[in-house]
Amino acid sequence: MEYPFIEIEKKWQKIWEEKKIFAAQDKSNKEKKYILSMFPYPSGDLHMGHISNYSIGDALTRFYLQSGYNVMQPMGYDSFGMPAENFAIQHNSHPKITTEENISKMKKQLTSMGFGLDWSRELSTCRPDYYRWGQWLFKKMYEKGLVYKKKSFVNWCPDCATVLANEQVEEGGCWRCGTTVVQKELEQWFAKITDYAEELLDTSDLLDWPAKVKLMQKNWIGRSTGVTIDFIYGEQKLPVFTTRPDTIFGVTFMAIAPEHPLTQSFLQAEGEDSQLYKFCQKVMNQDNSQRTAEDKEKEGIFTGRHCINPVNGEKVEIWITNYVLMDYGTGAVMAVPAHDIRDFLFAKKYQIAIKVVVQNEEKNLDANTMQEAFIEDGTMVNSAQFDQMGNRQCLEQIADWIDQQGYGKKSINYKLRDWGLSRQRYWGNPIPVVYCEKCGTQLVPDEQLPVLLPDDIQIGKTKQNPLLSATEWQKTTCPKCGGAATRETDTMDTFVDSSWYFARYCDAHNQQAPFSKDKANYWLPVDQYIGGIEHAVLHLLYARFFHKFMRDIGLVDCNEPFSRLLTQGMVCMQSYKCPKDGYLFPQDAIIEGKSATCALCGSPVTIGSIEKMSKSKKNVVNPNDYLQRYGADTLRTFVLFASPPEKDVDWNDKAVGGAFRFLNRVYKVFVKNKKFLEQDYTPAGDISAEYKELRYSSHYTIKKAIGYVREKMQFNTAIAAVMEHLNNLYAASSPTTDAEKALYKEAHILIPQIIYPFAPHLCEEIWEMIGKHKLLHDSGLPSYDEKFLVKNDITFVIQVMGKIRAQLETTKNTPKEEIIAEAKEIANVKKFLAGKTIIKEIVVPGKLVNFVVR
RNA sequence: GCGAGAGUGGUGAAAUUGGUAAACGCACUGGAUUUAGGAUCCAGCGAGCUAUGCUCUUGGGGGUUCAAGUCCCCCCUCUCGCACCA
C-alpha cells in the first residue's frame, strides 16, 4: 500500500494558498525571520539544485513558523540577461514573452513542491516596476560619483558579444560560455566598488558565513600595504608601487607594461617600424590568459631610456616587459633581481645588473654567483644608513623615510578593480543616460523613469547590440537644453539587478521608492541566505557593495545584507561523452562494468568525471519524474536526508525509495492508530520498563532533532533521529495502562510536529486525521523534559587498559565502589585482571569504568 | 607556487566535541507472506581468527593520554579558490 500523496499534496497546497499562511506581515509583535534562497533565472524547469536549495529554505521557514516567528520567504526571478535573450532567439520569439511563459511554468513547479513562498512579494527583474528602481539607484550612484564612464581595456567575450567584469572571467574564459576572453578597448560604465574595498574587507557583521567565502572575498579584494615611490623620468614622475621598500637600494631596472602611458609616448617617438613598437603590439595582441600563463617566458625589450631612483640618484634602465600588468598597481615595477624571483629570471636572461641589498645569515650572498633570488629575510647591505639592520624590522622605517623625504608615499593597493557594468546586449536594464551634443552626458529625469526597453526589436540577426539599430528609440531630447539627444544603448550587468532584490522584497510594490525605509529596516538583514558557492566573489560581493551604498544614501540602516549564509552543495552526477554524439544523457549510455557504449550509435563512451548537473553536460535528472512517482514530500525529505546541506552530493536515486518508505511507515502507523490517537489520556497507572524506554525515545528525539535543525541546520541527522524513533514506536507493544497510553500517543504526535518542515503535506494530513484543528505551522514545536532524559538503567562499559572487556547493567544510583566491585567479578574482566595489579580505577559517571593495570 | 578544506564499511553518512566507531538510510544476503513484485514484515551485514571469545580497523607514520575518528608533529592523496599581485 502506498500513501495517497497525490491527493494529499494537492489538497494542502490548495489550503495553504487559500489561507495565505505564507504571506508575511510587515509589522508584527513576533520576532522576524527573513529566509531567502537565491532567486533563479527562469529557465522554465526547476533542476535538482533548485529543489535542494529551496527544500532547505522551506524547511527553515516552516521550522521558524512553528517556533513562533514572523517569517518571510519570498521568491522572484533573475530574468534579464543572456540566457533569456538566447532562449527567445532559439524559440524564435521575444524574451518578454518567453520569460513570462517560463516564469509561470516555474511557479507551478515551485507550488507543486509545496514550498511556502510569499507570492504577494513576487518580483521579476525584467518587469518595468522593478527595473525602474534599478535605474533610479544607478542615478543615485552617478550623483554620488560612484559610477563613471571610462575608456579602457576590458574583458570581451566574442561569443556573447559583450563586456565582462573581472569577476566574470574564469580561467581566461567567459563564466557563462567558456569562450576565451579577449581584451578590447572600449568606453564603459564602471561602479566604484573600490571605494568600499576597505569596508568590504570587514566581515565582522557576517555572523555565520562560511570561512571559505569570507576568505575568497578577502583574497579577491587583495589588499597589500606598501609605498608608492616616484622614480624620475626627466620632468615626469614615474610612480611604482612596492610592498618591499626595504629593497629600494637594490633596484637595477624599471619594468613597465606595454599599455603604460610612458610606453605610449616612447612608441610615438620611435614610430611603427621600431622594435619597440613591434614588441608591444605582439604582447598586447595576446589575450590575458596567454599572457599570464604560469609557464609564460618572461620577455622584454630595453627602451634605451633611463629613469632616476630618487633615494640614491642612480640611473635605472627602463624595460618594457610582458610580465607587468597595467591593471595592478601603477603598471610599472621597480625591479630588484637579487630579491625577486621574476626580476631575477629576467635580469639573468637579459644580463642586467644584480645588486644584493639583503644579506643572508651565512653572509655569502654574491650577485655574481647567486643562482636564484634571495627572498627570505636577512640583514640590510648596500643601503646607506639602513645597513646592518634587519630588513623586516626596518621595513616600516624605510617606508616612513621615503614618505618624509618626499620620494614617495605610503600607500595601500588593492587587487579589486572597479566593476564594469555596461553590457552590449538588449535584454537588460537600460542605463538611464542620454548624450546631448551641447550638454554632454545627462541623467534621465526621475519622472521619465523607467527608460523602457523597446519591444519592437530584431534580436539574434547579428551579434551586435540590437539597441544600436533601435534608432527611433535612441532619439530623445536633452533634459537640460531640450535639444536633440541620443540614448545610451548599453544595458546594465544583470548582477546589478540581483544586488538589491533582497531589499525590494521588503516592499515589493512600492511605486514611490525602491522600498520604504521602515519596511527594509524591519526585515533586513536577511537572517538566512541560501545559495551556491559559485557566487562567492560575484553576487555576494556585489550585493554587499550595493547594500553599503544604499545604506550611505539613507535607504537602510544595517551594514550588511545577509547576516547568515549557507552555501549549499551542488548536486552532481556522472557525465558520459560519446565521440560522435557528444555528451550523453545517462540513459543513453549502456554501462557494463567499467566500460560504456553509446545507445544511439554504439561507439565506446568515455565515462567522464562526476560533475555538477548541467543541461550542457546532459547529466541532469528531472525532478518531475520523482515528483510523479513519489511526491514532493519524499523528494524534499530525500534531498535533505542525503547529506549535510553544504556538501556536494552525487545523485543516486536508489535512496529515494528509502525516504518514501519512511513517510509511508509514518502514514501507516497513524492510519492504524487513528481511533486511539483521537482520544486523550490522563496519565494514571503503572509504566513498564518498555514504556519508560519509549518515553525516553520520544523526549530524546525531540531534543536531538530540534537541536540539529536550530543549531546546525543538519537536517540529515534530524531525520535520522525521527527514523530511529519510528522504529522504536513500531517495536513497542500495545499500551496497557492509561499512563502508557498517554506515552504511546505522545510518541506518535511528535513525529508530524518534527518532520513538518521536511514533509509538510503528509504531516498536515495526519495532524488533521487525529483531530487537530489548528494547522501544524501554527501548533508550536513539541517540548521535551530533561527529567525523562535521565535513564534509570544504565549500561556501563568495562575496560581493562582501555580495551572493552564487558558491559555491566546497573541502575542510576549505584555507588561508584559498588560498580567497581561488580565489574571486577565479571568473568571476562577477571580474566584480564588475573595476575596484575590495579594501579588506577577510572569511572566516567554513567558511562564507563577503566582499570589500569600493571 | 600560495591559500583553504577534505580523506570513516560495498555505498550516502553518524559519532552527544576526548569515553562502546560505523547511529539512520541505500545496496546486498537469508527467511516469512504473496499468483506476482520495483509491495510489506523479520533476521543478518567492517575485516580476520584457533570464535561464549580474541585481534585488527576512521589515508599513512609517530606522539600526548587510563582512553584518540576527535588533540599535537611529520608524510601521502584528492577537491576547491587564487595565481607573473610588484
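The sequence lines fix the lettering, A, B, ..., with proteins before strands; numbering per chain opens at 1.
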Task: Presence of salt bridge, A:Glu534 and A:Lys612, under 4.0 angstrom - done: yes
Open item on the list: Measuring from the side chain of A:Val797 (C-beta onward, heavy atoms only), which nucleotide among B:rU20, B:rC26, B:rG53 has the closest atom?
Closed with: B:rU20
Open item on the list: Among A:Leu238, A:Thr247, A:Asn309, which residue satisfies the side chain to side chain contact (heavy atoms under 4.5 Å, CB included) criterion with A:Met334?
Closed with: A:Thr247
Task: Rounded P spacing from B:rC42 to B:rG59 in Å - done: 34 Å
Task: Closest to side chain of A:Leu215, choosing from B:rA86, B:rG3, B:rU40 - done: B:rG3
Open item on the list: So for A:Gln799 and B:rU20, does any side-chain atom that can act as donor or acceptor lie under 3.5 Å from a complementary atom in the base?
Closed with: no
Open item on the list: Between A:Phe788 and A:His699 (judged by ring centroids, cut-off 6.0 Å), do the two rings come close enough to count as a pair?
Closed with: yes
Task: G-U wobble or Watson-Crick pairing nucleotide for B:rU34 (cut-off 3.5 Å, both distances) - done: none
Open item on the list: Using Watson-Crick or G-U wobble geometry with both distances under 3.5 Å, which nucleotide pairs with B:rA27?
Closed with: none
Open item on the list: So A:Leu848, base contact, sugar-phosphate only, or nothing? Heavy-atom distance under 4.0 Å.
Closed with: base
- [ ] For nucleotides B:rA13 and B:rC24, find the distance between their C1' atoms and express it as a whole number of Å.
- [x] 9 Å
TODO: Would you please confirm or rule out a distance under 4.0 Å between OP1 or OP2 of B:rC54 and any side-chain N or O of A:Asn828?
DONE: yes
Task: Base-pairing mate for B:rC49 - Watson-Crick or G-U, with both contacts under 3.5 Å - done: B:rG53
TODO: Could you check which of B:rG3, B:rC24, B:rA21 has an atom nearest any side-chain atom of A:Ile804?
DONE: B:rA21
Task: B:rU64 glycosidic torsion: syn (within 90° of 0) vs anti - done: anti
Open item on the list: Please confirm whether the shortest side-chain N or O distance from A:Arg629 to OP1 or OP2 of B:rG38 is below 4.0 Å.
Closed with: no
Task: B:rC84 base / A:Lys298 side chain donor-acceptor hit below 3.5 Å - done: yes
Task: Interatomic distance, A:Tyr708 OH vs B:rU17 P [rounded to whole Å] - done: 10 Å
TODO: For A:Thr811, check side chain to side chain donor-acceptor pair (under 3.5 Å) against everything at least two apart and list the hits.
DONE: A:Thr814
Open item on the list: Roughly how many Å apart are B:rG61 and B:rC76, using the C1' atom of each and rounding to a whole number?
Closed with: 10 Å
- [ ] Please work out if A:Lys712 contacts a base, only the sugar-phosphate, or nothing of the nucleic acid, heavy-atom cut-off 4.0 Å.
- [x] base
Open item on the list: I want to check a possible cation-pi pair here: A:Lys668 against A:Tyr3, using under 6.0 Å from ring centre and within 45° of the ring axis as the test.
Closed with: no
Open item on the list: Once you apply a heavy-atom cut-off of 4.0 Å, does A:Asn727 come out as touching a base, just sugar-phosphate, or nothing?
Closed with: sugar-phosphate
- [ ] Kindly say if A:Lys803 contacts the phosphate of B:rC56, meaning a side-chain N or O under 4.0 Å from OP1 or OP2.
- [x] yes
Open item on the list: Need the glycosidic conformation of B:rG9: syn if within 90° of 0, anti if not. Which one?
Closed with: syn
- [ ] Would you classify A:Gln714 as touching base, sugar-phosphate or nothing, given that sugar-phosphate means primed atoms plus P, OP1 and OP2, and contacts are heavy atoms under 4.0 Å?
- [x] sugar-phosphate
- [ ] Counting heavy atoms from C-beta on, name the nucleotide in B:rG19, B:rA23, B:rC84 closest to the side chain of A:Tyr323.
- [x] B:rC84
Task: Separation between the C1' atoms of B:rC82 and B:rC71, rounded to whole Å - done: 31 Å
Task: Rounded C1' spacing from B:rG18 to B:rU65 in Å - done: 9 Å
- [ ] Round to the nearest Å and state the distance from A:Asp340 atom CG to B:rG1 atom P.
- [x] 18 Å
Open item on the list: Regarding A:Glu646 and A:Lys212, does a basic nitrogen lie under 4.0 Å from an acidic carboxylate oxygen?
Closed with: no
- [ ] Ignoring backbone atoms, establish whether A:Arg805 has a side-chain N or O less than 4.0 Å from OP1 or OP2 of B:rA67.
- [x] no
Open item on the list: Is the ring pair A:Trp419/A:Tyr542 parallel, tilted or perpendicular, if the boundaries are 30 and 60 degrees?
Closed with: parallel
Task: Atom P, compared across B:rG48 and B:rG62: separation rounded to whole Å - done: 24 Å
- [ ] Classify the nucleic acid contact of A:Lys654 as base, sugar-phosphate or nothing, counting any heavy atom under 4.0 Å across all strands shown.
- [x] sugar-phosphate
TODO: Quick one: label A:Phe832 by what it contacts on the DNA or RNA (base, sugar-phosphate, nothing), any heavy atom closer than 4.0 Å.
DONE: sugar-phosphate
TODO: Rounded to the nearest angstrom, tell me the gap between atom OH in A:Tyr700 and atom C1' in B:rA23.
DONE: 9 Å
Task: Mutual orientation of the aromatic rings belonging to A:Phe346 and A:Phe253 [parallel < 30°, tilted 30-60°, perpendicular > 60°] - done: parallel
Open item on the list: Rounding to an integer number of Å, can you tell me how far A:Phe638 CZ sits from B:rA27 P?
Closed with: 11 Å
Task: Base-pairing assignment for B:rG9 (Watson-Crick or G-U wobble, both under 3.5 Å) - done: none
Open item on the list: With nearest nucleotide decided by heavy atoms, which residue, A:Asn850 or A:Gly658, maps closer to the 5′ end of RNA chain B?
Closed with: A:Gly658
- [ ] Write down the distance separating the P atoms in B:rA83 and B:rC78, rounded off to the nearest Å.
- [x] 22 Å
Open item on the list: It should be established whether A:Asn652 places a side-chain nitrogen or oxygen under 4.0 Å from OP1 or OP2 of nucleotide B:rU11.
Closed with: no
Open item on the list: Using whole Å, what does the distance between atom C1' of nucleotide B:rG81 and atom CG of A:Leu541 come to?
Closed with: 14 Å
- [ ] May I ask you to say what A:Asn413 touches in the nucleic acid, namely base, sugar-phosphate or nothing, with a heavy-atom cut-off under 4.0 Å?
- [x] nothing
Open item on the list: In whole Å, I'd like the distance from the CZ atom of A:Phe715 to the P atom of B:rA14.
Closed with: 13 Å
Open item on the list: Looking only at the side chain of A:Lys212 (C-beta and beyond, no hydrogens), which of the listed nucleotides B:rG81, B:rC80, B:rG38 gets closest?
Closed with: B:rC80
Open item on the list: Salt bridge or not between A:Glu2 and A:Arg661? Use side-chain N to carboxylate O under 4.0 Å.
Closed with: no
TODO: Nearest-nucleotide wise, let me know which of A:Met723 and A:Phe660 is further upstream toward the 5' end of RNA chain B.
DONE: A:Met723
Open item on the list: Please classify the nucleic acid contact of A:Val852 as base, sugar-phosphate, or nothing, using heavy-atom distances under 4.0 Å.
Closed with: sugar-phosphate
Open item on the list: Using OP1 and OP2 only, check whether a side-chain N or O of A:Lys218 sits under 4.0 Å from B:rA4.
Closed with: no
Open item on the list: Checking contacts here: which listed nucleotide (B:rA86, B:rG53, B:rA13) is nearest the side-chain heavy atoms of A:Thr242?
Closed with: B:rA86
Open item on the list: With rounding to the closest Å, how many angstrom separate the P atoms on B:rA14 and B:rG9?
Closed with: 14 Å
TODO: Return the value, rounded to whole Å, for the distance between atom CZ of A:Arg665 and atom P of B:rU40.
DONE: 10 Å
TODO: Please determine, for the side chain of A:Gln807, which listed nucleotide (B:rC24, B:rA86, B:rU20) has the closest atom?
DONE: B:rU20
TODO: Could you grab the distance from atom CD1 of A:Ile301 to atom CD1 of A:Ile320, nearest 0.5 Å is fine?
DONE: 7.0 Å
TODO: Consider the side chain of A:Lys647, meaning its heavy atoms from C-beta on, and name the nucleotide among B:rC66, B:rC41, B:rA13 that approaches it most closely.
DONE: B:rA13
Task: Residue matched to B:rC82 through Watson-Crick or wobble contacts both under 3.5 angstrom - done: B:rG1
Task: Between B:rC84 (C1') and A:Arg244 (CZ): distance, integer Å - done: 17 Å
Open item on the list: For a quick check of understanding: with a heavy-atom distance under 4.0 Å over all strands, which category does A:Ile842 fall into, base, sugar-phosphate or nothing?
Closed with: base
